There are 2 protein chains.
Amino acid sequence: MALLTEKLTNNQQTILNLLEESKEPLKAYAILFDIQKKGIKSPLQVYRALDKLIEIGKVHKIESKNSYIACKNSHCNSQTSTSFLICEICDKVTELKKNNLSSYFSKVSEKSNFKYTKHNLEIYGECKNCKKKI
Amino acid sequence: MALLTEKLTNNQQTILNLLEESKEPLKAYAILFDIQKKGIKSPLQVYRALDKLIEIGKVHKIESKNSYIACKNSHCNSQTSTSFLICEICDKVTELKKNNLSSYFSKVSEKSNFKYTKHNLEIYGECKNCKKKI
DNA sequence: TTTGATATGTTATATTATTACATGTAATAT
DNA sequence: ATATTACATGTAATAATATAACATATCAAA
């Protein structure tokens, strides 16, 4: 747990705040654009902060969208594994939490004689709001 | 099934052959480099062929690696969904087939009032060969 | 044999991410 | 208090991944 309570640097905190306030995942250069007023000028500053935030589990990357999202799960047990529901209509992304996907994947992997460590899962479909409207 | 038996164009076939012969997933520019001798000169030609091959289910993209892999499953029922086991040690990638992951994810999604359409799953760990060596 | 759909070729450019290197900062050990 | 250590920053340049725009070609179906 030590990692999770570690103090963040200015750049890291600025970027985490932005992601936490955002209703949707943000791309690295969108982040850069948004915070140039706060003194962050180069892509590298953004990527470095993101790397650290990902490492400590505060932020996840959505691989298929090259986007980054703050982890709303205060006791996120998946600092490495991620599972998302992604709406194909409105692009809303929600993180699946408190599920037993890891143990399920662990079993599935074993059948192929593969030792599970972590996973990324991206499920596409229609969120509850968009389902209604159709 | 019509799509799966559709005739491929030269570029598409060239790139599919390369991917099928490859022991590992390939990146777009690696493909480009490999086939320049065969007349394909620009990234766009590669990406267009890949798009088509992905559309018909002959090739899958591994999102977290920006890499492309031929589908070895001759009757691939996942033209859109993909599930991979990725070895963190040797980088070997195998596709999970004939599993009921889709129906499982469908149920998991329903619990969040989300209508499942498709998924990408990337499981990281140790393949059977690398497990032995440790 | 024109039409419509799809594929190609080519150039340029957009988007995403990293390398390399100099400098700064803050905690700890001497 | 200062040298050492480990990170964090700043900056410029560039690498890696992917798409836009537009002209031309192919080829099957009406």
Side-chain angles (χ1 to χ4, degrees), chain A residues 2-19 22 24-69 82 86 91 93 120 122, chain B residues 2-19 22 24-69 91 93 120 122:
Chain A
L3 277 176
L4 290 179
T5 55
E6 211 172 13
K7 202 170 180 184
L8 298 177
T9 65
N10 281 345
N11 288 358
Q12 289 160 13
Q13 191 64 58
T14 302
I15 287 176
L16 181 57
N17 288 347
L18 183 65
L19 283 170
S22 171
E24 60 216 5
L26 296 177
K27 299 195 162 220
Y29 279 75
I31 293 171
L32 177 58
F33 179 81
D34 274 358
I35 58 180
Q36 283 190 325
K37 33 196 153 173
K38 300 198 177 154
I40 294 179
K41 288 171 190 160
S42 82
L44 191 48
Q45 291 173 291
V46 174
Y47 282 108
R48 281 200 283 225
L50 286 173
D51 283 350
K52 187 69 185 180
L53 290 167
I54 288 169
E55 187 190 326
I56 63 177
K58 292 282 193 189
V59 165
H60 302 308
K61 179 175 185 183
I62 302 170
E63 294 287 353
S64 66
K65 297 177 97 71
N66 297 319
S67 296
Y68 303 85
I69 190 171
T82 55
I86 303 171
D91 278 331
V93 176
N120 297 324
E122 299 173 8
Chain B
L3 278 175
L4 289 179
T5 56
E6 211 173 14
K7 202 169 181 186
L8 299 176
T9 65
N10 281 345
N11 288 357
Q12 290 159 13
Q13 191 65 59
T14 301
I15 288 175
L16 181 58
N17 288 348
L18 183 64
L19 283 170
S22 171
E24 60 215 7
L26 296 177
K27 299 192 162 226
Y29 280 73
I31 293 171
L32 177 58
F33 178 81
D34 274 358
I35 58 181
Q36 283 191 326
K37 33 197 154 173
K38 298 199 177 154
I40 294 179
K41 289 171 190 160
S42 82
L44 192 47
Q45 290 173 292
V46 173
Y47 282 107
R48 282 200 283 227
L50 286 173
D51 283 348
K52 187 68 185 180
L53 291 166
I54 288 168
E55 187 190 327
I56 64 178
K58 292 284 193 188
V59 166
H60 303 307
K61 180 174 185 182
I62 302 168
E63 293 288 352
S64 65
K65 297 176 97 72
N66 297 319
S67 297
Y68 304 86
I69 189 171
D91 278 331
V93 175
N120 298 325
E122 298 172 11

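Proteins come first, then strands; the chains are lettered A, B, ... in the order of their sequence lines, and each starts at number 1. What you see is a predicted model, and the numbers here were worked out from it, not measured in a lab.
Distance NZ (A/K7) to P (C/dT25): 16 Å, rounded to an integer number of Å. In this entry the distance linking CD1 of A/I62 with P of C/dT16 reads 13 Å, nearest Å. If you take CZ of B/R48 and C1' of D/dT26, they are 14 Å apart, rounded to a whole angstrom. To the nearest angstrom, P of C/dA17 lies 13 Å from CG of A/L26. Rounded to an integer number of Å, the gap from CG of A/D51 to C1' of C/dT19 is 14 Å. When rounded to the nearest whole Å, the span between CG of B/L50 and P of D/dT19 equals 11 Å. One interatomic measurement links the two molecules: CD of A/E63 to P of D/dA18, which rounds to 12 Å at whole-angstrom precision.
For B/N11 and C/dG9, the shortest distance from a side-chain N or O to OP1 or OP2 is below 4.0 Å. Dashed line: the shortest gap from a side-chain N or O of A/Y47 to OP1 or OP2 of C/dA17 is under 4.0 Å. At least one side-chain nitrogen or oxygen of A/K61 sits closer than 4.0 Å to the OP1 or OP2 atom of C/dA17. Within the 4.0 Å cut-off from OP1 or OP2 of D/dC7, not a single side-chain nitrogen or oxygen of A/T9 is found. Residue A/N66 places at least one side-chain N or O under 4.0 Å from the OP1 or OP2 atom of C/dA17.
Within a heavy-atom distance below 4.0 Å of DNA chain C, the residues of residues 27-45 of chain A found are A/K27, A/Y29, A/L44.
Heavy atoms of other residues, nucleotides or ligands lying less than 6.0 angstrom from CG of B/N17 number more than 12.
Under the 3.5 Å distance criterion, the side-chain polar atoms of A/E122 are left unmatched by any main-chain donor or acceptor of A/I62.
Residues B/K65 and B/D91 form a side-chain contact, since some pair of their non-hydrogen atoms from C-beta on lies under 4.5 Å apart. For the pair A/L19/A/I31, a side-chain contact is recorded, criterion being any heavy-atom separation below 4.5 Å from C-beta on. Counting heavy atoms from C-beta on, the side chains of A/I69 and A/T82 never come closer than 4.5 Å.
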Exercise. Quick one: do B/Q36 and B/L32 satisfy side-chain contact (heavy atoms from CB on, under 4.5 Å)? Show the steps, please.
Key: CA-CA 6 Å; B/Q36 283 191 326; B/L32 177 58; 3.9 Å; yes
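At the heavy-atom level, B/K65 lies nowhere under 4.0 Å from the strands shown.
Computed from C1' positions of five pairs at each end, the angle between the two local axes of the helix from C/dT1-D/dA30 to C/dT30-D/dA1 equals 20°, rounded to 10 degrees.
Atom-to-atom distance recorded for B/L18:CG and B/D34:CG is 5.0 Å, nearest 0.5 angstrom.
Here the shortest heavy-atom pairing between A/S64 and B/N120 reads CB-ND2, 4.2 Å. What you find for A/I54 and A/K61 is that their closest heavy atoms are CD1-CB, 4.3 Å.
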